[in-house]
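The structure appears right after this line, and notes come after that.
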Amino acid sequence: MARSYDLFVPGRVCLFGEHSDWAGGHRRVNSAILPGQVIIAGTNQGAYARVKAHPDSLVVHSTLPDGTRPPPCVLPMQPEILRREAGTGGFYSYAAGVALFIREHYPVGGLEIDNYRTTLPVRKGLSSSACFCVLVARAFSKVYDLKMPVQAEMEAAYQGEILTPSRCGRMDQGCAFGQVPVLMTFDADSIRTRQLSVGRHVPLLIADLKGQKNTVRILGELNRAYPFAESALAQGVQRCLGEFNTAIVERARRAVEEGDVAAVGRLMTEAQAAFDAHVMPACPSELTAPKLHQVLADPKVRQLVYGGKGVGSQGDGCVQFVTRGEAERRRLRAYLARRYGLDSFDLDLRPAPLVRKALIPVAGFGTRMFPASKAVRKAFFPVVTPDGMAKPVILAVIEEAVAAGIQEVGIVVRPGDERVFDDFFTQPPLQEHDGRLSDAHRRYWHEVQRLAERITYIVQEEQAGLGHAVFCAREWVGNEPVLVMLGDHLYRSDTDVPCARQLMDIYESGGGRSVVGVCEADLADVSSYGIVAGRRSGERPGWIDVREFAEKPSREYAAANLATPGLGEGRFLCVYGQYVLAPAVFAHLARQVEGDAGEAGEIQLTTALESLRQAEGVLAYRVAGRHYDTGLPLPYVRTLQAFSRPRRRPPSAHAAKARPRRAARPRQDRPR
Ligand code: UTP
């Protein structure tokens, strides 16, 4: 049976910078115009669908926001038929347009889409058509594993939509990023996108003004100010959508990222005032927008909000507000309904949940350290830290987690081992022994006992692999992200920021995508590791969008498929044992646990990561730091020496970045 995928694509709202997207396009002709900049956000509402392969046709079942189901479309995947359907402008023309574009550029067969639920209102400036086009592009990408990054989905959605009579902008497809704010820059024909982090929850309310607006006329009139401003009015329009817009979008970006909700609201009011002063006179018939201005000026409304402005092309379409809190949002919704008869809906910008928990699996057999691992659990092998303290590996791993800001630690152990670990952390040293300890040892021991308060033990009944060990902790982790650290690896940062913290920061500013720490490996070694193929994400320096995970690939496969641009010849990225995982990973592990287990009956974390990547994207990051293996005899010897040496501090943070790092040895997996 064909595998099916569940998808959700939201609509999008333009929070700041509307009209500057097409204005920036005029740079093709007049380079004095500034690039357009907008901040958009995915809506809480959108289209839900289950999708799977179809042998030869595009089959779409749709559901309208009111729950009605129009008759489905069934179109053979033949170019002339798809083109004809796209050209009709009918209900399924968007699906046909995108399917045609995909068919012409990728090796695909048919597709079945069951859009079983739609919560996004149509024709309200929320890009419902782009939402659907992105849904179709993503469906093809998932079902045929096309590994399309978000930008490629956006491109396919755009190219598909313009095959229909509908005219859309390049901003609309930003909904492909999901329910996160995105900064988009429009420079002639090029578009750059950057996902923003959210410092604090921004509760917005969007209300449908139920007025008239003619977007075609608005665009027609405003376009007269381009490409060259030949009147004072046109200069005002260009300045407002140019310099002023660039400045206000930058201030809004900072306010969103710093969590200054009041400033986000104030900036909306400021943006509206500038628009009214400089852009409205260019199309007064549409932009005077009496309903919009009546609601924005209402004293009762102003008590409940930090600010607000029109949505999309402006006019009397929709209005958006930054409310002062949840309670104020509820009161505003009720007031707008009662006083003006308006329908409204919530839009939330939410920070990615903070990473509070670390999971350390130590339940493996430690075959490669046999027979030492028979005498002593591998997690208790000693290492020496630069301060001269000899401690078990598990303690050094927990200390790295706590230094990174972790509050709770889960340790996955073999049945019966809870007691062994708990004794270590909670039982005082023998009395005779205690008398011989130095003050430094006693103080340190006191700290260790306090760590015990953070620890929970999770039992892995059978040793079915690292993925299975992580899966065993699903209830303890709950619906939160989790830092996973291998119990036989140590980490040391090259900077003042612990390696784990570096990954956690990326998770928290990456909109909740999972992050894997990676280092480099030679082609000769790839078949021993989990290998990551990626490309620079373009969102932030150092972020890598994972394009494929492969567990211990053959050299031939790696050479042909897993190269990451920017690495030296024959070099590859491999996972080394630190991950920040979104809670969605458990659904992917469950699929492996319930289905047939992977290679040698083991549940591989890398396999679940590949399926998580296909569903929601995963980031990779080369941390500024090193890792040390204690799970293999010779690397353990090297670790003992290297880990005890004090960290060589870089002369400055800048120098730390510039200094070429020696590639650390990646994790050696169990030989088969
Ligand atoms: P390894 O793959 O190194 O396995 O696990 P291992 O059992 O420790 O060592 P070998 O391969 O037999 O020599 C990486 C981490 O995952 C844990 C291990 O304890 C180690 O910390 N692990 C592995 C589990 O907790 N459960 C498992 O079933 C497998």
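For ligands, and for the atoms within them, numbers begin at 1 and follow the listed sequence.
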SB check Asp145 Arg613 (cutoff 4.0 Å): yes
Just checking, is any N or O donor in the side chain of Ser141 or Glu153 under 3.5 Å from an acceptor N or O on the other one? no
I want to confirm something. Looking only at heavy atoms, which of Gly467, Pro361, Gly631 is nearest to atom 21 (O) of ligand 1? Pro361
Glu408-Thr456 side chain donor-acceptor pair, cut-off 3.5 Å: no
N or O contact, Val412 vs ligand 1, cut-off under 3.5 Å: no
Option set Met485, Gln463, Gln460, criterion heavy-atom distance to atom 26 (N) of ligand 1, minimum: Gln460
Does a side-chain heavy-atom distance below 4.5 Å link Val515 with Trp543? no
Out of Gly577, Gly465, Cys472, the nearest non-hydrogen contact to atom 29 (C) of ligand 1 is supplied by Gly465
Please examine the side chains of His489 and Val397, heavy atoms only from C-beta on, and report whether any two atoms are closer than 4.5 Å. no
Between Gly366 and ligand 1, does any nitrogen or oxygen pair lie at a separation below 3.5 Å? yes
Taking the inter-plane angle between the rings of Phe140 and Tyr144 on a 0 to 90° scale, is it parallel (under 30°), tilted (30 to 60°) or perpendicular (over 60°)? parallel
Does any N or O of ligand 1 fall below 3.5 Å from an N or O anywhere on Gly487, backbone included? yes
N/O of Ala363 under 3.5 Å from N/O of ligand 1, yes or no? yes
If we check side-chain hydrogen bond (donor to acceptor under 3.5 Å, both in side chains) with Lys378, which of these qualifies: Thr630, Thr367, Asp488? Asp488
Which bit of Ala469 gets closer than 4.0 Å to ligand 1, counting heavy atoms only: side chain, backbone, both or neither? side chain
Counting from 1, what ligand 1 atoms have a heavy atom of Lys378 closer than 4.0 Å? 3 (O), 6 (P), 8 (O), 9 (O)
Test your reading of the structure: does Gly364 have an N or O sitting under 3.5 Å from an N or O of ligand 1? yes
Could you tell me how the ring of Phe643 sits relative to the ring of Tyr628: parallel (under 30°), tilted (30 to 60°) or perpendicular (over 60°)? perpendicular
By number and element, which atoms of ligand 1 are closer than 4.0 Å to a non-hydrogen atom of Leu466? 16 (O), 29 (C)
One residue to check: Glu602. Relative to ligand 1, which of side chain, backbone, both or neither has a non-hydrogen atom less than 4.0 Å away? neither
What do we get for Ala464 next to ligand 1 when only non-hydrogen atoms under 4.0 Å count, side chain, backbone, both or neither? backbone
Single hit among Arg501, Arg350, Arg513 for salt bridge (charged side-chain N to carboxylate O under 4.0 Å, His left out) with Glu508: Arg501
Give a yes/no on ligand 1: does His468 have at least one heavy atom closer than 4.0 angstrom to it? no
Residues Arg443, Asp439: salt bridge by 4.0 Å N-O rule: no
Would you check the N or O atoms of Asp488, main chain and side chain alike, for any that come under 3.5 Å of an N or O of ligand 1? yes
